[in-house]
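Working notes, structure below.
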Amino acid sequence: MEKGLKIRLYPNKNQISLLNIIFGHARFVYNYFLDYSKRTKDYKYTNWSKILTDLKNSDSTSFLKNADKFALQNSLRNLATAYANFFSKRTNEPVFKKKHNEQSYRTNFTNNNIVLYENSIKLPKLGNVKCKYGKDIQKNKIISVTIKLLKSGIYEASIIYECEEMMLPKTGNSVGIDLGVRKLITTSDGNTYISDLDIDRINNKIRKEQRRLSRCELHSKNYNKQRKKLAKVYQYKDNYMLDTIHKATKAIVEKYDVIYMEDLDIKDLIKKQKLKIHKRKMLLSSLGQITTLLKYKCECYGKELKKIERYYPSSQTCSNCGKTYKVGKSETYRCPHCKLIIDRDYNAAINILNYGLAHN
Ligand SMILES: [Zn+2]
């Protein structure tokens, strides 16, 4: 099974100038063959590949010899894919790559040319580049790495690696999970993961930087500086949330063999709440990621994810006496029948587990 991992790179000055050269070469090749295919209507990768060899051997373009050879080949492959998508009407026609847009190239693993260490990654032509979060996949076989310079000025590597199915030890435990907007995940044994306070904290930061940007004179030096800063906060938000969701979902599949959750319409769940647009968007993507990653991790680690019927009233039912009661918007469930007082999401999670166990 192939998996992907994104890590942030911290290249030194020398590596930055080398990276600029490789980005430039990869872009040159892409644009050269885009122009060539537009003129000649020759869209064949194998033909392009032959011409690329000629280019490397001709005087005016012999600089290409110095580039990471996989980066150039992959530029051609990307162009071929872009055309394939265009011809099958999935995307627009490929366009020329520009220097001021996001820069990237992809390199492939061969003969240990790429090695991941705990705090650095060895890459062809660049040597060891400082990075974060290397240790998770050190033992896995790397297939390819895409190196990117994002608009925010951040360097990033997306690593594709082979992962053998890693069965996690069975624990004999089952759990019910309630997804919500205040606490994103609540489990039937009373644990909560990811609260909306995290989301508010990051959204406030974004709003603050946006306000600062709106006070800058358009396209002034400060404006550009502030725009980069804002892009960085957005980047931080994506990384932080994804990282938190990865950790939470991993913790859950480690702890339980069978995970029950409601077959939710996330859009519908969020629509019912009065939320600011930033928060709405963030919740929509976060809850989506939680469901996707839970499903994926269960498959990967040999655990089971079971969905229970969408219209089961998990938050209206008392987990103690089983009678139903319309709870309204309150965060606490107070049962008028048996006098139980319990957190609303915790109550729902217990009901989901009980329903799941009873209907299997
Ligand atoms: Zn009750």
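We count ligands from 1, going down the list as the structure has it; atoms in each ligand are counted the same way. The structure presented is a predicted model; accordingly, all values stated were derived computationally and were not measured. Side-chain atoms are counted along with the backbone in the values below, which use heavy atoms only and exclude waters and symmetry mates.
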*Hey, mind stepping through Ser37 and Tyr83 against side-chain hydrogen bond (donor to acceptor under 3.5 Å, both in side chains) and telling me if it holds?*
CA-CA 10 Å; Ser37 55; Tyr83 266 124; 3.0 Å; yes
*Rounded to 10 degrees, what angle sits at the Zn ion (ligand 1) between Cys321 SG and Cys318 SG?*
110°
*Geometric cation-pi criterion Arg201 and Tyr240, 6.0 Å radius, 45° cone*: yes
*Where do Ile143 and Glu162 land on the side chain to side chain contact (heavy atoms under 4.5 Å, CB included) test, with the steps shown first?*
CA-CA 7 Å; Ile143 296 163; Glu162 217 159 75; 4.1 Å; yes
*Please determine if the Zn ion (ligand 1) has an N/O/S atom from His337 lying under 2.8 Å away.*
no
*Can you give the angle Cys335 SG - the Zn ion (ligand 1) - Cys338 SG, rounded to 10°?*
110°
_Interatomic spacing from NZ in Lys6 to CD1 in Ile159 - rounded to 0.5 Å_ = 12.0 Å
